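Only one structure is covered here, and it is reproduced in the block below.
Numbers here are sequence positions counted from 1. Computed over heavy atoms, backbone and side chain alike; hydrogens, waters and symmetry mates excluded. As the structure is a prediction and not an experimental result, all values here were calculated from the model.
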Amino acid sequence: MKSTRIAADVRLILWPAVVLAAAAFFPGGATADEPKGRDPGAIPRLSRDDLLTYRGPGGAMAPVKDREGWLERRKEILAGMQAVMGRLPGAEKRCPPDMKVEEETDCGSYVRRLITYASEPGSRVPAYLLIPKSVLRGDGARAPAVLCLHGTDNVVGHGTVVGIGGKANRAYASELAERGYVTLAPNYPLLAKYQPDLKALGWESGTLKAVWDNMRGLDLLETLPYVKPGGFGAIGHSLGGHNSVYTAVFDDRIRAVVSSCGLDSFLDYYGGDPKVWQPEKGWTQTRYMPRLADYRGRLAEIPFDFSELIGALAPRPVLIVAPVGDSNFRADSVDRVVAAARPVFALYGRPGNLQVEHPEGGHDFPPAMREAAYQLFDATLR
């Protein structure tokens, strides 16, 4: 697939679609600050289960018969995301990454650096950068890089994925560095010591701020002389699992995606319990997407869902780990998400690029599943 820096041209390519879609999803000028009931005249969202249908000329429903038709459908998925998350910025928020090293630790086969980088004017992201010593010799050697996104942890945050905090089965950034990958682990906004003022910075959701921070992290990786060019991996557990999916939908420099315990359909989240859709609960928290609280009692109208997001990753290799006993995200719902998305991968002739595994156990990322993830990166990035 030809690489396209979506963030760079979103204002030129996607913004007209976003405006039209947002008008449909928030009819009559309603916003997250002014929740409104559904306007009977609003354009209904497309099916979250049948992804091979799109709005053709004049808004008429049409079957997706080729990749061009799918790309029209994909535009509407991105528009739906931004109707909830806010608009993905363009050049107006870009600035030099200005990486600063705060501390350095020798970890044997690799070096761990605690850094900060500028993701936008007025906001610096704390991150761990792990670099195999084999590419620090100054002989021009380069290694592929993986974005490692952490789960919910309000004490050490991104430290969990580099082995800090003692949480089992979470140190995938360290394990990948030991296998020869450069890994970058940014902290998620509003967790642990990273507390950006989202409102002052102009963000409508913590989710999109995180996506932007991640994309700017990829910009930083592209500047490093020991990072192999040509694309990256993304891996995450729980919060990091959906964070990796969101980021990869917006940025196709990510060539392979691993999501552990990170998703199910919004319709199935905690069995559709309306209490978890109250403001500042579950998905509606400030660090996620507050606007989703407006859809309480009408979840079917949320203008995007994970079936569509996974479809939007096609044809890139995707591994979804969904333990059978996960109490956060239902394994049977994940199967429905994958079933809906798989026809898009088939459209590209790559149905096998979408994999789902159901290990025994609960909300965890067991060793065998991490090994499967690392092998996926080996096959794709090396």
Side-chain angles (χ1 to χ4, degrees), residues 5-8 10-11 14-15 18 22 31-33 78-99 115-128 147-154 157-158 160-161 184-221 232 234 236 238-251 253-254 259 262-263 279-294 303-304 309:
R5 295 277 299 277
I6 293 178
V10 68
R11 297 180 71 184
L14 296 179
W15 186 233
V18 172
T31 69
D33 298 322
L78 268 69
M81 294 175 72
Q82 291 175 97
V84 172
M85 298 177 182
R87 182 176 67 89
L88 187 72
E92 72 278 7
K93 275 191 178 285
R94 290 190 175 273
C95 59
D98 185 32
M99 182 179 74
I115 67 169
T116 63
Y117 62 90
S119 65
E120 59 180 305
S123 181
R124 296 190 64 84
V125 182
Y128 283 106
L147 185 66
C148 297
L149 305 176
H150 67 89
T152 304
D153 188 294
N154 210 16
H158 59 153
T160 59
V161 300
L184 180 70
N187 209 92
Y188 191 90
L190 303 186
L191 284 176
K193 296 180 180 180
Y194 181 39
Q195 299 291 320
D197 187 334
L198 299 185
K199 185 174 182 180
L201 291 168
W203 296 98
E204 297 178 45
S205 70
T207 292
L208 198 64
K209 168 60 171 166
V211 167
W212 182 254
D213 288 350
N214 298 339
M215 294 174 67
R216 296 309 325 279
L218 299 184
D219 292 344
L220 170 63
L221 288 172
F232 308 99
S238 193
L239 162 63
H242 43 260
N243 194 7
S244 64
V245 170
Y246 296 146
T247 304
V249 170
F250 282 117
D251 197 323
R253 291 176 294 177
I254 296 175
S259 175
L263 59 95
E280 295 300 326
K281 302 289 185 181
W283 287 114
T284 74
Q285 296 174 72
T286 299
R287 66 173 177 252
Y288 300 124
M289 294 167 279
R291 189 170 281 172
L292 282 177
D294 295 346
F304 71 97
L309 304 189

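- Looking only at side-chain heavy atoms (C-beta outward), Ser205 and Arg291 stay at 4.5 Å or farther from each other.
- Every residue two or more places apart in sequence or in another chain was checked for a ring-ring contact (aromatic ring centres under 6.0 Å, His included) with Tyr117, and none qualifies.
- Separation of atoms SG (Cys148) and CG (Asn243) is listed at 12.0 Å; rounding is to 0.5 Å.
- Taking a cutoff of 4.0 Å between a charged side-chain nitrogen and a carboxylate oxygen, Asp213 and Arg216 do not qualify as a salt bridge.
- Relative ring orientation between Phe304 and Tyr246 is described as perpendicular, the plane-to-plane angle rising above 60° on a 0-90° scale split at 30° and 60°.
- Using a 4.5 Å heavy-atom cutoff, the side chains of Leu208 and Leu88 are in contact.
- Using a distance-only test at 3.5 Å, with no hydrogens or angles considered, a donor-acceptor pair links the side chain of Arg253 to the main chain of Met215.
- Without hydrogens or angle criteria, Asn154 side chain to Ala192 main chain gives a donor-acceptor distance under 3.5 Å.
- Note: Ser123 OG to Trp203 CH2 = 8.5 Å, rounded to the nearest 0.5 Å.
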Pair Leu184-Ile115, side-chain contact (heavy atoms from CB on, under 4.5 Å): steps then yes or no: CA-CA 10 Å; Leu184 180 70; Ile115 67 169; 4.1 Å; yes
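- Taking the side chain as every heavy atom from C-beta outward, Lys281 and Tyr288 never approach each other to under 4.5 Å.
- Across all non-hydrogen atoms, the minimal contact from Pro126 to Tyr194 is CD-CD1, 3.5 Å.
- When atom types are taken as modelled, the side chain of Glu120 and the backbone of Cys95 share no donor-acceptor pair closer than 3.5 angstrom.
- Smallest separation of non-hydrogen atoms from Val245 and Ser259: CG2-CB, 4.0 Å.
- Here the side chains of His242 and Thr207 are not in contact, with every heavy-atom distance at 4.5 Å or above.
- At least one donor-acceptor pair closer than 3.5 Å links the side chain of Ser244 to the backbone N or O of Gly241.
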Step by step, would you call Asp197 with Lys209 a salt bridge (charged side-chain N to carboxylate O under 4.0 Å, His left out)? CA-CA 10 Å; Asp197 187 334; Lys209 168 60 171 166; over 6 Å; no
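- Few gaps surround NZ on Lys93; more than 12 heavy atoms of other groups in view lie less than 6.0 Å from it.
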For Val249 and Met81, run side-chain contact (heavy atoms from CB on, under 4.5 Å): C-alpha distance rounded to whole Å, both residues' side-chain angles, the deciding distance at 0.1 Å, then the answer. CA-CA 10 Å; Val249 170; Met81 294 175 72; 3.7 Å; yes
Kindly indicate, with the supporting measurements, whether the criterion side-chain contact (heavy atoms from CB on, under 4.5 Å) is fulfilled by Val84 and Leu292. CA-CA 7 Å; Val84 172; Leu292 282 177; 3.8 Å; yes
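- Interatomic distance, CG of Leu149 versus CG of Asn214, reported as 5.0 Å (0.5 Å rounding).
- The distance from atom CZ of Arg287 to atom CG of Leu191, rounded to the nearest 0.5 Å, is 4.5 Å.
- No donor-acceptor distance shorter than 3.5 angstrom exists from the side chain of His158 to the backbone of Pro186, with no hydrogens or angles considered.
- Taking CZ from Phe250 and CE from Met85, the interatomic distance works out to 5.5 Å, rounded to the nearest 0.5 Å.
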Could you go through Leu309 and Leu263, starting from their C-alpha distance and side-chain angles, then the distance that decides it, and tell me whether this counts as side-chain contact (heavy atoms from CB on, under 4.5 Å)? CA-CA 10 Å; Leu309 304 189; Leu263 59 95; over 6 Å; no
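- Although no hydrogens or angles enter the test, the distance criterion places a donor-acceptor pair under 3.5 Å between the side chain of His150 and the main chain of Tyr188.
- Distance check: Leu190 CG to Gln195 CD gives 5.5 Å after rounding to the nearest 0.5 Å.
- Smallest separation of non-hydrogen atoms from Pro196 and Leu201: CB-CD1, 4.0 Å.
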